[in-house]
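Read through the structure below, which is laid out as structure tokens, and then see the notes.
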Amino acid sequence: MKNHIAKILTLFIFLNTACKKINDNPQWDIEVLGPVLFATLTLDELLADTLRQNNADGTVSILAEHSFYDFNIDSIYNIPDTTIDNVVVWPIFSTSITAGTPFYSTDNKIALGVGAVKLTKALMQKGNIQIQLKNTLPVKVIYTYSIPKAKKAGVVFSFVQEVQAADANGPGIYSGSYDLAGYELDLTGVNGNLFNTISYNVEAQSDPSGNAFTINLNDTVINLKSELSDLEPVYVKGYLGQNSIAENSFSTTGLARFIEDGFIQLDSVTMDITLKNFIGADAQFFFRSLGAYNSRTNTSVSLSAPSFLNRSLNVNRARESGPVSSPVISSNHLYHLDNTNSNLRSFVENLPERIVYNADLTLNPLGNISFYNDFLYSDKLVDAKLSLKMPFRFAANNLTLVDTQNVSLDALTDLDPIGPLTLTLIAKNGFPVNFNIHLYILDENKILKDSILIPGFIRSANVNQQYDVISSTTTKFEIPIDENRKENFRTGKYIAIRTIFNTPDYAQLIQLRSDHKLDLKLIANGTYYIR
Amino acid sequence: MALYSVTELFSIGSGFKYVYKIDADYSYSSDAITGRLAKEYFRKGFINNSMKDEVSKNLSTINKFSGEFNSSITIGQNLDTIFGLLKGSSFIRLSNRSFIHSNFTKDLFELYFRGNKNYADKVAELGPFQLKSYTYQQFSYGIERHHQKNKKSYFWSAAFSVNIGQKYSSYDSPASTLYTASDGSYLDVDLDLLIRTSDSAQSSLGSFNGYGFSGSGMLVIKDEDQNAWAFSADNFGYIRWTKESAQIPVDSVFRFEGIDATDIFDFSDTIRKEITSDSAYIQSFVTDRRKKAFNDMLPLHLSASYSAQVMPGKLVLMIGAEQILFSGAGLRGYSRLKYNFKRKHQLALTASYGGYTFWNLGIAYNAQLGRSWVFGTGTDYLSAMLNSRKGLASGAFVTLEKYF
């Protein structure tokens with residue numbers, strides 16, 4: 001009976017599992033025709049909010065800011081590494097010292113060699129003090145080292161260190177390093193009438209558990225070496241001197257990274273140059289020159305602006321506001337340049353890759369009028385910023401922008417189900433600008449693997465005699481997708497976009513408006529594998 | 001359904017104490033979709049254009065198909081008394097049942113298997129459309145009795161079943177359309193669709209996604225010449241799919257113009273966004289997705305037949321009709337000629353029309369093996385299966401019985 005049941009059950013299970021499946025899913029091919037993607041691009045999408053201003057009349061202005069002036073704090077002061085030896089001998093007749101008795105104490109100071117700058121306070125963000133103590137006495141000595149005017153969270157810098165007795169091999173020696181980061185140093189000495197000075201105290205005490213001993217005239221009781229290194233204050237106060245700092249340098253705008261070719265003509269341009277002084281000392285700027293250098297064309301346009309260049313520009317001292325997050329209220333001075341008081345338009349039309357400048361900065365031109373209340377936060381010194389504003393009214397002649405994005409194209413979508421098909425890109429252009437767009441797929445070495453959108457010419461919108469858009473134009477591109485191209489998509493590591501801009505009738509200026517738009521639609525027509 | 005079977009022509013069956021029976025059947029039938037395409041679909045193979053072309057020739061405005069797979073194991077016992085009331089037999093049966101049926105439009109088939117390219121500048125009528133499939137396990141207890149009265153013999157059986165729902169899905173659309181713009185720049189979709197599915201988190205064998213009850217009954221009346229009337233109703237019942245089931249009504253008219261990729265060109269923000277296809281168009285369909293229990297009737301097989309002893313004990317002619325309610329099937333009529341060889345072998349030929357398909361010829365063979373085994377196999381769709389390219393149905397059944 002059991003045998004029969006087993007046979008029947010086996011057959012039952014077989015019947016329920018016998019239908020073998022070939023694949024995970026049934027498979028066939030379909031022919032599809034339909035939209036895949038669409039995008040509506042206005043200047044709102046194409047330009048970052050910070051670069052664009054939509055005006056009430058529908059026109060658009062371009063805003064650009066660039067900080068170009070910088071100098072190192074070392075130009076104002078520099079605290080060198082400093083080593084001080086302090087050797088003290090017993091000044092009187094022989095004396096018996098009992099156990100546990102403080103038998104000598106001395107105050108001393110370390111003068112920081114910071115030149116003409118007279119600092120009264122420093123808050124350290126970095127710094128070390130290396131201490132070496134030598135004990136030549138025949139007993140163990142307990143030293144207490146302190147910097148009474150160095151405090152961190154209200155606690156005075158201090159340490160106690162035993163140094164073993166001298167023996168036949170020589171003196172007992174202790175070496176130790178202590179971190180000064182976070183300490184606020186009063187640099188006015190013991191009596192508060194000095195500058196750039198760290199005062200410290202060393203006290204020697206006999207060993208409480210040792211024996212009494214005799215100390216004789218000229219016995220060394222303190223032999224100390226103090227070495228200050230890598231001192232970097234985040235904040236200093238005092239008198240910062242009358243330093244004059246010359247800067248002949250340049251800053252990079254980054255335009256060369258994506259502008260490959262072409263020329264532009266602009267309409268009116270305004271530029272505000274803001275000088276911000278974050279130092280608690282009066283500052284006097286003197287700009288000898290400001291140049292726009294185009295490394296692609298190797299041309300340079302020097303700014304001609306008599307109201308700004310080659311004259312002393314005084315900027316008052318900053319004020320301390322108190323909040324830790326932003327403790328300084330800068331003192332600002334703004335210089336406005338436009339087409340009437342400068343050659344600004346030529347300056348900008350040169351599409352500068354570098355802003356080249358030659359400038360002097362003098363601190364405290366009137367001397368120590370703050371009575372040692374100058375201050376300086378090391379992370380914020382001065383800032384010179386160009387703020388450019390121009391109507392988006394321009395003419396472009398083969399202005400060529402390139403950009404390369406590191407993308408994993410295969411990750412964008414699963415390409416396996418896509419059979420031979422044609423993607424049609426419909427571009428409905430409402431901008432009065434001709435675009436010629438090329439897309440390239442590059443390998444990991446940025447070697448060209450495939451070119452898409454050739455030709456990629458998108459004709460400008462139709463314009464009237466005033467060059468206002470009266471209707472958009474439609475351009476279609478067909479992009480065949482075959483196995484080779486799919487493979488290029490799979491293995492491509494970069495996609496490069498190269499766009500050539502041309503405005504109608506160069507150098508006629510064309511105004512771009514916030515209601516101009518470019519409608520893009522991608523349509524698929526071909527085979528899709530159902531798998 | 002019951003234990004009543006081909007054994008009436010064999011020398012065994014009466015007087016047995018136990019019978020063990022295992023059987024399985026599958027069937028596929030359609031008035032348009034060929035068995036060849038269906039076979040590739042269900043075995044998850046590749047469907048080529050030639051297969052589609054054969055179907056396209058058959059398509060009318062509304063079409064239908066059905067597929068079924070059943071297997072069961074039965075243990076029956078002759079009893080001196082059933083519940084102390086009467087003498088007869090009882091049986092228990094464990095079954096696994098799967099059923100799928102659909103009514104669909106010509107355009108839906110073309111769109112599904114060929115894509116929308118041929119519908120450029122045309123409206124594809126996607127409804128009315130219904131597709132329902134379910135798999136469930138069934139535990140049945142039945143009794144049957146055989147007695148004679150006034151020279152007539154009566155056989156009846158009744159069974160009660162508990163159904164365990166494993167997997168369910170249905171798509172029901174009274175009317176839906178898709179318009180493809182001539183250049184493919186947009187699709188206009190008008191969807192009126194109700195989707196119902198059992199808990200998709202668990203759908204393998206053994207999953208409990210619903211429960212229900214059903215009953216079956218059969219009556220056979222034979223005259224003194226062994227001519228017989230037979231009536232049966234198989235599986236009148238339902239399954240209540242649990243509250244983890246999903247109902248998704250979609251009533252939406254929209255124009256699809258692609259996935260909005262504007263954000264990937266949006267340089268106005270420092271954070272580059274990514275396009276998401278699901279959130280844009282798919283999720284919007286299912287915002288009304290709700291979890292809800294619901295009842296659904298099982299396909300009820302009704303049949304009636306008359307068997308005439310053309311050559312008593314040797315040749316029987318059966319004429320019958322059957323209808324599957326709660327499905328898309330039409331009435332199916334058939335005639336069957338059964339010939340018994342030496343009461344050990346039986347060959348049956350069947351001609352049928354209707355159900356989900358058209359004319360078909362079938363064949364069945366049963367044999368008594370030794371003294372206590374009966375084996376049977378056959379198909380109702382032999383003609384369709386022989387016509388491998390154009391046949392609209394396929395099916396087979398196999399049964400094995402052991403008497404003690």
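These figures come from a predicted structure and were not determined experimentally. Proteins come first, then strands; the chains are lettered A, B, ... in the order of their sequence lines, and each starts at number 1.
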Exercise for the section: Select one option (side chain, backbone, both, neither) describing which atoms of A:Asp24 are under 4.5 Å from chain B's heavy atoms. Expected result: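 A:Asp24 touches chain B through backbone heavy atoms alone.
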Problem - Under 4.5 Å from a heavy atom of chain B, the part of A:Val32 involved - result: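 Both backbone and side chain.
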Which answer fits [X], side chain, backbone, both or neither, if we ask what part of it has an atom under 4.5 Å from a heavy atom of chain A?
X: B:Tyr26; value: neither
X: B:Ser98; value: neither
X: B:Ser185; value: both

Problem - Side-chain heavy atoms of A:Ile62 within contact of A:Leu388, under 4.5 Å - result: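 No, every pair of side-chain atoms sits at 4.5 Å or beyond.
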Problem - ring-ring contact (aromatic ring centres under 6.0 Å, His included) involving B:Phe99 - partner list, sequence neighbours excluded - result: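 Per chain and number, B:Phe99 pairs via ring-ring contact (aromatic ring centres under 6.0 Å, His included) with B:His101.
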Handout entry: B:Tyr186 ring center within less than 6.0 Å of B:Phe256 ring center
Key =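 Distance test on ring centres: not under 6.0 Å, no.
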Exercise for the section: Mark yes when over 12 heavy atoms from residues, nucleotides or ligands other than A:Lys517 sit less than 6.0 Å from its NZ; otherwise mark no. Expected result: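 No - once you tally the heavy atoms of other residues, nucleotides and ligands closer than 6.0 Å, there are 12 at most.
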Exercise for the section: For chain A, find which of B:Asn49, B:Leu187, B:Leu111 contributes the most heavy-atom pairs closer than 4.5 angstrom. Expected result: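 So the answer, after comparing B:Asn49, B:Leu187, B:Leu111, is B:Leu187.
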Handout entry: Residues A:Arg531, A:Asp29: salt bridge by 4.0 Å N-O rule
Key =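 The answer is yes: the pair qualifies as a salt bridge.
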